[in-house]
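The chain is numbered in sequence order, starting from 1. The analysis underlying the following values was restricted to heavy atoms, covering all of them including side chains, and did not include hydrogens, waters or symmetry mates.
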Amino acid sequence: MPLVAIVRFCTDEPVVSKLIVNDGRKSRTLTYGRDYDAVNGLPIIGMRSDTEHLVTVEAGEAEAVNLTYKTPPLPKDSAEWPTIAIKTAMTSEMQAGYTLLSVRRRVNQRQQFMTPAQIDFTVRWGMLMVLDEGGECVWYYTSNNRIAGIQQLSNGNLFFHHVDFRSIEMDMCGNIIRTFYASDRPGGEVREGIPIEAASLHHQPHQMPNGNFLAMTANAREIDNYYTSETDPDAPRATQPVVGDNFVEFTPDGEVVWNWNTFDHLDVYRWSYHLMEVYWHNRGFPKHLDWTHGNGITYDQRDDSVVASLRHQDAVLKIDKQSGEIKWILGDHQNWNSPQKEKLLRAHGEKLGGIPTG
């Protein structure tokens with residue numbers, strides 16, 4: 001990791017260690033308890049690029065030692081580094097801490113019009129980045145695959161999806177802790193990975209309070225008498241391969257313990273624009289239509305439910321985990337049929353059948 005330093009030393013017995021890090025603009029103290037073995041390394045996360053850092057090491061009763069370390073500069077190639085322009089930084093009004101984000105790059109073109117080289121440029125690169133309160137990058141990680149959603153786990157590690165249907169837990173020093181992968185993914189088995197019974201793992205992963213993981217997977221069905229046009233309702237129908245989302249909960253061992261399939265709960269004939277989008281064509285589902293296109297999922301511990309966003313249904317759904325029933329739907333009210341129609345949320349006071357709702 002370019003902006004991470006590791007300090008290693010030996011002690012005769014476990015001690016509390018402190019690293020006082022000064023980059024010339026600010027000083028901070030990192031404290032490591034007796035359970036940290038300095039032989040394995042004490043990480044310094046959040047260093048400024050192209051800057052000499054003074055690190056004062058204090059370990060138990062031993063005399064303090066001063067070290068210096070100069071970080072490398074950030075990449076100069078605009079294809080490898082995004083342009084960051086700070087317009088306003090009201091640091092006094094900010095919450096303490098850093099901002100973690102996923103960075104993507106792409107050709108300024110819809111994917112269906114891209115050349116193979118342009119597709120590779122878009123999907124064969126990914127970045128995670130941490131910005132400080134002034135908008136300066138103090139940590140980053142680059143990958144040879146596009147990265148989707150990201151979450152910081154309760155243990156401090158990062159959990160994120162790759163475009164090739166791998167879900168990775170990585171510590172802040174860049175060490176891969178474990179890799180989950182969709183067992184039926186086009187890329188095949190992942191060495192030393194943990195298989196999840198699914199065709200894909202995509203978009204926003206989420207760790208649940210019980211330690212399991214919530215994720216979106218894709219599954220496909222052949223649908224009879226299905227649409228061949230997004231604009232012409234009278235266009236001839238045909239049997240079409242269609243991709244819909246399946247939500248899964250899986251354990252750290254890779255066992256799927258809960259799933260909710262959109263094909264079993266929603267009307268597959270309710271569609272929106274981008275149904276014919278080629279999103280899944282380059283992800284192992286050639287010629288398949290993109291029916292739901294899930295973008296995000298999370299767990300609501302208050303009532304043991306799952307909230308999921310389906311872009312191509314223009315809807316957010318809340319699902320009761322125990323029964324599998326839809327609790328409510330937030331979104332466009334057009335073209336829903338029963339029983340989903342009765343689940344649509346309405347603004348307070350909006351009339352339903354002439355009767356004001358409360």
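- For the pair Val103/Tyr140, no side-chain contact is recorded, criterion being any heavy-atom separation below 4.5 Å from C-beta on.
- Atom OG1 of residue Thr68 and atom CG of residue Asn22 lie 12.5 Å apart, to the nearest 0.5 angstrom.
- Applying the salt bridge (Lys or Arg N to Asp or Glu O under 4.0 Å) definition to pairs two or more places apart or across chains, those involving residues 230-252 are Glu249-Lys321.
- Ser305 and Asp303 share a donor-acceptor pair across their side chains, judged by distance under 3.5 Å alone.
- Crowding of Asp77 atom CG: a count of heavy atoms from other residues, nucleotides or ligands under 6.0 Å exceeding 12.
- The distance from atom CD1 of Ile6 to atom SG of Cys173, rounded to the nearest 0.5 Å, is 3.5 Å.
- Contact check for Lys26 versus Val21: no side-chain heavy atoms found under the 4.5 Å cut-off.
- Applying the under-4.5 Å side-chain rule to Ile, Leu, Val, Met, Phe, Trp and Tyr, the cluster around Ile20 consists of that residue alone.
- Here the side chain of His203 pairs a donor or acceptor atom with the backbone of Gly294 at under 3.5 angstrom.
- Thr239 is not listed as a side-chain neighbour of Ile223, based on a closest heavy-atom distance of 4.5 Å or more.
- Considering every non-hydrogen atom in both Val306 and Tyr299, the closest pair reads CG2-CD1, 4.4 Å.
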With side-chain hydrogen bond (donor to acceptor under 3.5 Å, both in side chains) as the criterion, how do His312 and Thr292 come out once you've worked through the C-alpha distance, each side chain's angles and the decisive distance to 0.1 Å? CA-CA 5 Å; His312 287 189; Thr292 53; over 6 Å; no

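- For the pair Thr71 (side chain) and Thr51 (backbone), a donor-acceptor distance under 3.5 Å is present.
- Between His293 and Leu310, the closest side-chain pair of non-hydrogen atoms is not below 4.5 Å.
- Scored by the salt bridge (Lys or Arg N to Asp or Glu O under 4.0 Å) test, Lys70 finds Asp50 as partners (sequence neighbours excluded).
- In this structure, the separation between OG on Ser143 and CD1 on Ile168 is 6.5 Å, given to the nearest 0.5 Å.
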Where do Arg346 and His333 land on the side chain to side chain contact (heavy atoms under 4.5 Å, CB included) test, with the steps shown first? CA-CA 9 Å; Arg346 292 169 173 82; His333 283 209; 3.5 Å; yes

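- Formation of a donor-acceptor pair under 3.5 Å by the Thr298 side chain with backbone atoms of Val307 is not found in this model.
- Expressed to the nearest 0.5 Å, how far CG of Leu158 lies from CE of Met170 amounts to 5.0 Å.
- Across every non-hydrogen atom of Ile194 and Pro252, the tightest pair is CD1-O, 3.6 Å.
- Residues Leu42 and Ser17 form a side-chain contact, since some pair of their non-hydrogen atoms from C-beta on lies under 4.5 Å apart.
- A distance-only check finds a donor-acceptor pair linking the side chain of Trp260 to the backbone of Gly324 [under 3.5 Å].
- Within the 4.5 Å cutoff, no side-chain heavy atoms of Phe165 are placed close to those of Thr217.
- Other residues, nucleotides and ligands place no more than 12 heavy atoms under 6.0 Å from the OH atom of Tyr36.
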I'd like a table of donor-acceptor pairs (distance under 3.5 Å, sequence neighbours excluded) in which one partner is a side-chain atom from residues 86-93, with atom names and distances.
none

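- Under the 3.5 Å distance criterion, the side-chain polar atoms of Trp139 are matched with a main-chain donor or acceptor of Met172.
- With hydrogens and angles ignored, the 3.5 Å screen pairs a side-chain donor or acceptor of Ser183 with a backbone N or O of Ile196.
- Between atom NZ of residue Lys343 and atom CD1 of residue Ile319 there is a gap of 11.5 Å, rounded to the nearest 0.5 Å.
- Under the ring-ring contact (aromatic ring centres under 6.0 Å, His included) criterion, Tyr181 pairs with no residue, sequence neighbours left out.
- Asp23 is linked by a salt bridge (Lys or Arg N to Asp or Glu O under 4.0 Å) to Arg48, counting only residues two or more places apart in sequence or in another chain.
- Counting only distance, with no hydrogens or angles, the side chain of Thr11 and the backbone of Pro14 share no donor-acceptor pair below 3.5 Å.
- Every residue meeting the side-chain contact (heavy atoms from CB on, under 4.5 Å) condition with Asp267, not counting sequence neighbours, appears here in chain and number order: Tyr269, Arg270, Asn337.
- Under the 4.5 Å side-chain heavy-atom criterion for grouping Ile, Leu, Val, Met, Phe, Trp and Tyr, Phe159 is connected to Val256 within one hydrophobic cluster.
- If you chain together hydrophobic residues whose side chains sit under 4.5 Å apart, Val130 and Ile150 fall into the same group.
- By the 6.0 Å and 45° rule, Arg124 does not stack over the aromatic ring of Phe121.
- A continuous path of ILVMFWY side-chain contacts below 4.5 Å connects Val123 to Met114, so both sit in one hydrophobic cluster.
- For Asp300, the salt bridge (Lys or Arg N to Asp or Glu O under 4.0 Å) partners two or more places apart in sequence, or in a different chain, are Arg302, Lys318.
- Residue pairs meeting the salt bridge (Lys or Arg N to Asp or Glu O under 4.0 Å) criterion with at least one partner in residues 176-188, sequence neighbours excluded, are Asp164-Arg185, Glu169-Arg178.
- Hydrophobic clustering (ILVMFWY, side-chain heavy atoms < 4.5 Å, transitive): Ile326 and Trp328 are in distinct clusters.
- Arg25 is linked by a salt bridge (Lys or Arg N to Asp or Glu O under 4.0 Å) to Glu136, counting only residues two or more places apart in sequence or in another chain.
- One side chain, Ser338 or Glu342, offers a donor N or O that lies under 3.5 Å from an acceptor on the other.
- For Glu52, the CD atom counts as densely surrounded, since its 6.0 Å shell holds more than 12 non-hydrogen atoms of other residues, nucleotides or ligands.
- Two rings, from Tyr279 and Phe285, have their centers 6.0 Å or more apart.
- Looking at His274, His202, His288 one by one, the single match for ring-ring contact (aromatic ring centres under 6.0 Å, His included) with Trp280 turns out to be His202.
- Hydrophobic clustering of Ile, Leu, Val, Met, Phe, Trp and Tyr side chains at less than 4.5 Å, counting indirect connections, keeps Met129 apart from Phe160.
- Within 6.0 Å of CD on Gln334 lie no more than 12 heavy atoms contributed by other residues, nucleotides or ligands.
- Scanning both residues, Gly284 and Pro186, for their nearest heavy atoms gives CA-CG, 3.4 Å.
- The distance between the ring centers of Trp291 and Phe263 falls below 6.0 angstrom.
- What you find for Val4 and Tyr69 is that their closest heavy atoms are O-OH, 4.4 Å.
- There is a side-chain donor-acceptor pair under 3.5 Å between Gln322 and Asp304.
- Sorted by first and then second residue, the salt bridge (Lys or Arg N to Asp or Glu O under 4.0 Å) pairs with a member in residues 98-107 read Glu80-Arg105; sequence neighbours excluded.
- Looking only at distances, no side-chain donor or acceptor of Gln313 sits under 3.5 Å from a matching main-chain atom of Gly331.
- Judged purely by atom type and a 3.5 angstrom limit, Asp253 has no side-chain atom pairing as donor or acceptor with the backbone of Glu255.
- Within the 4.5 Å cutoff, no side-chain heavy atoms of Val242 are placed close to those of Tyr227.
- Applying the side-chain contact (heavy atoms from CB on, under 4.5 Å) test to Ala64 and every residue at least two apart in sequence or in another chain returns Thr56, Glu58.
- The distance from atom CD of Glu133 to atom OH of Tyr98, rounded to the nearest 0.5 Å, is 7.0 Å.
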